[in-house]
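Below you'll find the structure I mean.
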Amino acid sequence: MEHLHSTEAAVAALRAIAREHEREIEVAHDIGADRTSRRSAAGFEMTTDPDGSLPHEAFVEFGGSPRLSVRLYPDDDALIDVDGVECHDIPRDSVPAFVRSVLGGLAYVKGRRFPPGYWLVVPLPGDETYKELIPMISLTPWLNARVR
């Protein structure tokens, strides 16, 4: 996995993935500690961090199915939503591989009978796998088609 040194580098990687998969993409940027959704380093009414840098957060939404969105935080992590399933604390460097896995058809849903439940499983290169619990009542047609 390549190192993504900034939010803008991650956005550029996501734009490239959208082109590869012929998907439309919309990007919204929030720059400054007073504009980002979670900042603990900056004080009240401050736009910069104590080191003078401007925190940069981006929200990326892919068109098509599955519904896929990525919120890139200035703290080097992301929240990825796959058809209503929120995957928290994904390292920024893992975001492109995660999105490629979903759009490339590698992600699947694993079900179990007892206790009943479903998990979204997203395998990444290098034997890294992310699993997120899916509430049973929220299996979308896309998720349901990937049950194993």
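In this text, all values refer to a predicted model and were calculated from it rather than measured experimentally. Starting from 1, each residue takes its place in the sequence as its number. In what follows, every heavy atom counts, from backbone to side chain, and hydrogens, waters and symmetry copies are set aside.
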*How long is the gap from CG on L72 to OG1 on T7, to the nearest 0.5 Å?*
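Rounded to the nearest 0.5 Å, the CG-OG1 separation comes out at 6.0 Å.
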_Minimum heavy-atom distance Y118-G111, with the two atoms named_ =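 Shortest heavy-atom separation between Y118 and G111 comes out as CD2-CA, 3.6 Å.
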_L120 vs C87 side-chain heavy atoms within contact, under 4.5 Å_ =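 L120 reaches C87 side chain to side chain.
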*Could you list the residues that satisfy salt bridge (charged side-chain N to carboxylate O under 4.0 Å, His left out) with D81, not counting sequence neighbours?*
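Testing D81 for salt bridge (charged side-chain N to carboxylate O under 4.0 Å, His left out), a comparison that skips the adjacent residues, returns none.
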*Is there a side-chain contact between H88 and E86 (heavy atoms, below 4.5 Å)?*
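The answer is yes, as the side chains (C-beta and beyond) meet within the 4.5 Å cut-off.
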*asked:* With a 4.5 Å cut-off on side-chain heavy-atom distances among I, L, V, M, F, W and Y, is there a chain of contacts connecting I25 to I17?
replied: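 Per the 4.5 Å side-chain linkage, I25 and I17 are co-clustered.
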*asked:* Can you list everything that forms a side-chain hydrogen bond (donor to acceptor under 3.5 Å, both in side chains) with H5? Sequence neighbours excluded, please.
replied: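 By the side-chain hydrogen bond (donor to acceptor under 3.5 Å, both in side chains) rule, H5 matches no residue at all.
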*asked:* With a 4.5 Å cut-off on side-chain heavy atoms, are I90 and D77 touching?
replied: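 Heavy-atom side-chain distance check fails, nothing below 4.5 Å.
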*asked:* Ignoring hydrogens and geometry beyond distance, is a side-chain donor-acceptor pair present between Y130 and E132 at under 3.5 Å?
replied: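 Their side chains do not contain a donor-acceptor pair, so the 3.5 Å distance test is not met.
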*Taking only residues two or more places apart in sequence, or in another chain, which ones meet R19 in a side-chain contact (heavy atoms from CB on, under 4.5 Å)?*
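R19 satisfies side-chain contact (heavy atoms from CB on, under 4.5 Å) with R15, A16 only.
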For residues 96-110, tabulate all N or O donor-acceptor pairs below 3.5 Å that involve a side-chain atom, not counting sequence neighbours.
unit_1	atom_1	unit_2	atom_2	d
R100	NE	E20	OE1	3.4
R100	NH2	E20	OE2	3.0
S101	OG	P123	O	2.8

*Do T129 and D127 have side-chain heavy atoms sitting under 4.5 Å apart?*
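T129 does not reach D127 side chain to side chain.
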*If you look at every heavy atom in S6 and R92, which pair is closest and at what distance?*
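Between these two residues, the closest heavy atoms are C-NH1, 3.5 Å.
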_V147 with L143, same ILVMFWY side-chain cluster at under 4.5 Å_ =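 Looking at the clustering, L143 is in the same group as V147.
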*Would a hydrophobic clustering, with Ile, Leu, Val, Met, Phe, Trp and Tyr connected at side-chain separations under 4.5 Å, put W142 with V122?*
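Cluster IDs for W142 and V122 match.
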Let me check something: any side-chain donor-acceptor pairs from residues 61-68 under 3.5 Å, sequence neighbours excluded? List them with distances.
none

*Got S94 and L124 here, is their nearest side-chain heavy-atom distance under 4.5 Å?*
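S94 reaches L124 side chain to side chain.
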*Do you know the tightest heavy-atom contact between L14 and V95?*
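In terms of heavy atoms, the two residues are closest at CD2-CG1, 3.9 Å.
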*With sequence neighbours excluded, give me every salt bridge (Lys or Arg N to Asp or Glu O under 4.0 Å) pair touching residues 139-148.*
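Pairs touching residues 139-148 that pass the test: none.
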*asked:* Donor-acceptor pair, distance only, cut-off 3.5 Å: does the side chain of D93 make one with the backbone of L4?
replied: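 A pair under 3.5 Å: yes.
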